Amino acid sequence: MEKRLFIETVGCQMNMLDSELVVASLRKQGYVLTTKPEEADTLLFNTCSVRAQSENKTYSHLGMLRDLKEKNPEKVIGVMGCMAQNHQHKIFTRAPYVDLIVGPGQLHQIPSMIDKINAGQGKQIEVSLGRKDGTRDQITRSHESFDPLRDPEMRPTPFQAYVRIQIGCDKFCTYCIVPSVRGPEQGRSPEDILRESRHLAEHGTVEITLVGQTVNSYKATDSSGKLWRLADLLAELQEIEGLERIKFVTNYPKDMTRELLEAVRDLSKVSPYLHVPLQSGSDEVLKRMKRGYTVADYREMMARIREMVPGYAVSSDFIVGFCGETEEDFQKTVELVEECRFKNSFIFKYSQREGTRGADLFIDDIPHHVKQQRNNDLLAIQNRISLEDNQKLIGDTVHVLVEGPSKTALKKADEVENPHATQLIGRTHCDRIVVFDGNPRQIGKIMPVVVYDCHAHTLFGEVVTQQCGPELFALG
Ligand code: SAH
Ligand code: SF4
Ligand code: F3S
């Protein structure tokens, strides 16, 4: 009998990929997806612990299911991902109607755990070892990467794919929960990465994004014992027929080597887009965060990128209101944002996480309203810079990988008079979002688009028809 699966995913690219893989493994067992919790037999929440807000949101969404579960006790409710690893049994206490808890290192167990629950064996929990609960080897083995064979039939966007190259993190920035919940850093075997990428390209994937917490720190040995770095992987991926774009996130400032930047410059398929979080523009704050670099190091890295990679775009993350951050520290961050002119920045208010070094060592002493003010101020500056730099692109032709109908187009779907022309959204090689009128047949293709207007985070354009294939002339 057909079973229905509802899944909600929050968090980073790791979670997006994990959800895709879990959905694929359950679809193989006969599940179909539904967007309505009340229709689902199994409801999964793929969760994030990076800030308290992410966890609170999940608890509040779970809370909304209490009545549903009371009326339909046969429904299986599961919490997977980072919060499952972080809170473990506590989730059963706080949300007693949850049946299943599974950490990100145990995802392969989900189908059999659901079977056990359905067979009346009660609540199930599978998590990995904590960072102090065994030898390095034991802990590493308990965090298993979930990399089943990618089935093109089960993929949500056939032309785009995330490819995992690394799990875990060993950087232990003092504010960050990720090393605790995702376990030790492990590079995936280069042979597996290349095999998976070739398989995806053979089945129509044109863009892959290599994912990991610090992908430019990637290190792994192949079966002959040769050491591979990210630059080596990129060089091999460039050769895969059918692949047209290769992106990678996220980067660690200290590991942005000349060799890697040469690869970015020389390999045509590799996007000159680099997400390299700075977090703060003050050396004192960076030191307390234990980021392992100074502002001078970051400036040097930016100079190297400017010198070596034509047409580059750099984006960043910032935490405002970290323990002890003075107004002077914050002004230094503002200066760096002005100086570096990031394409965009993700700005977060510091959220103390139990179990991190930061929570043990420092007091979370910046009042919420100050964090909020700094967040607003920095965002306004970044938005001004993004807008100014986007304006410089007006009149240029950019190459857009078309991802699908824009949100406005989806909202207006019922009103659209001509179903063949609609507003589409896609991204440039540098990851800029572009909206333009086109034909749904263009989805999954790379189109030349001339930019005529912009907002801070969106370019508006028009397809350059004379450069396109004959099928486009039908558009008129
Ligand atoms: N591995 C990536 C970041 C992963 S978390 C890297 O090192 O760049 C994504 C972002 O969340 C971080 O860059 C940081 O800006 C933010 N973040 C992490 N922990 C946080 C916390 N405790 N409070 C607020 N923001 C946090
Ligand atoms: Fe967290 Fe730092 Fe690792 Fe990024 S590098 S995941 S911020 S500990
Ligand atoms: Fe969140 Fe886990 Fe990613 S804590 S940011 S989903 S690795």
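The shown structure was predicted, so the numbers you read here are calculated from the model rather than taken from an experiment. Count residues from 1 along the sequence. Read the numbers this way: they start at 1 and go in the same order the structure lists the ligands and their atoms.
- Geometrically, Arg94 engages Tyr59 in a cation-pi contact defined by less than 6.0 Å to the ring centre and at most 45° from the axis.
- Closest to atom 7 (S) of ligand 2 by heavy atom, among Phe172, Tyr252, Tyr175, is Tyr175.
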Test log, rule side-chain contact (heavy atoms from CB on, under 4.5 Å), inputs Ile319 and Met289
CA-CA 10 Å; Ile319 297 178; Met289 288 178 165; 3.9 Å; yes
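- Scanning all protein heavy atoms for the shortest distance to atom 6 (S) of ligand 3 gives Asn15 ND2, 3.3 Å.
- Proximity to Lys171 (heavy-atom distance under 4.0 Å) selects the following atoms of ligand 2: 3 (Fe), 5 (S).
- Closer than 4.0 angstrom to ligand 1 sit non-hydrogen atoms from Val50, Arg51, Tyr175, Gln213, Thr250, Pro277, Gln279, Arg291, Asp317, Ile319, Phe348, Lys349, Tyr350, Ser351, Arg353.
- For Thr356 and Tyr175, the side-chain atoms include no donor-acceptor pair closer than 3.5 Å.
- Within the listing of ligand 2, atoms 3 (Fe), 5 (S), 6 (S), 8 (S) sit less than 4.0 angstrom from a heavy atom of Cys169.
- Assignment of Arg182 to the shell around ligand 3 is supported, since a heavy atom sits closer than 4.0 Å.
- For Thr294 and Asp283, the side-chain atoms include no donor-acceptor pair closer than 3.5 Å.
- No donor-acceptor pair under 3.5 Å is formed between the side chain of Asp99 and the backbone N or O of Lys123.
- Listed by number with element, the atoms of ligand 2 under 4.0 angstrom from any heavy atom of Cys173 are 2 (Fe), 5 (S), 7 (S), 8 (S).
- Of all the atoms in ligand 2, the ones that sit under 4.0 Å from a non-hydrogen atom of Val178 are 6 (S).
- Residue contact check: Pro179 has heavy atoms under 4.0 Å from atoms 8 (S) of ligand 2.
- For the residue pair Glu403 / Gln160, a side-chain donor-acceptor distance below 3.5 Å is found, with atom types taken as modelled.
- Taking the charged nitrogens against the carboxylate oxygens, Glu307 and Arg265 have no contact shorter than 4.0 Å, which rules out a salt bridge.
- For the residue pair Thr326 and Asp329, a side-chain donor N or O sits within less than 3.5 Å of a side-chain acceptor on the partner.
- Taking backbone and side chain together, Cys82 holds no N, O or S atom under 2.8 Å from atom 3 (Fe) of ligand 3.
- Here the heavy atom of the protein found nearest to atom 3 (Fe) of ligand 3 is Cys12 SG, 2.3 Å.
- In this structure, Arg291 is part of the shell of residues with a heavy atom less than 4.0 angstrom from ligand 2.
- Residue contacts with ligand 3 include Ser49, since one or more of its heavy atoms lies under 4.0 Å from the ligand.
- Assignment of Met83 to the shell around ligand 3 is not supported, since no heavy atom sits closer than 4.0 Å.
- A salt bridge is defined here as a Lys NZ or Arg NE, NH1 or NH2 lying under 4.0 Å from an Asp or Glu carboxylate O, and Arg229 with Asp232 fails to meet this definition.
- Using modelled atom types and a 3.5 Å distance limit, the side chains of His275 and Asp431 yield no donor-acceptor pair.
- Although no hydrogens or angles enter the test, the distance criterion places a donor-acceptor pair under 3.5 Å between the side chain of Gln186 and the main chain of Thr140.
- Taking a cutoff of 4.0 Å between a charged side-chain nitrogen and a carboxylate oxygen, Glu196 and Arg150 qualify as a salt bridge.
- Near Cys176, meaning under 4.0 Å from any of its heavy atoms, are these atoms of ligand 2: 1 (Fe), 6 (S), 7 (S), 8 (S).
- Contacts between Cys48 and ligand 3, counted as non-hydrogen atom pairs separated by less than 4.0 Å, involve both the backbone and the side chain.
- Using a 4.0 Å cut-off to heavy atoms of Thr214, the atoms of ligand 2 that qualify are 5 (S).
- For the residue pair Ser386 and Asn344, no side-chain donor N or O sits within less than 3.5 Å of a side-chain acceptor on the partner.
- When the shell of 6.0 Å around CD of Glu153 is examined, it contains 12 or fewer heavy atoms from other residues, nucleotides or ligands.
- Protein heavy atom in closest approach to atom 7 (S) of ligand 3: Gln213 NE2, 3.2 Å.
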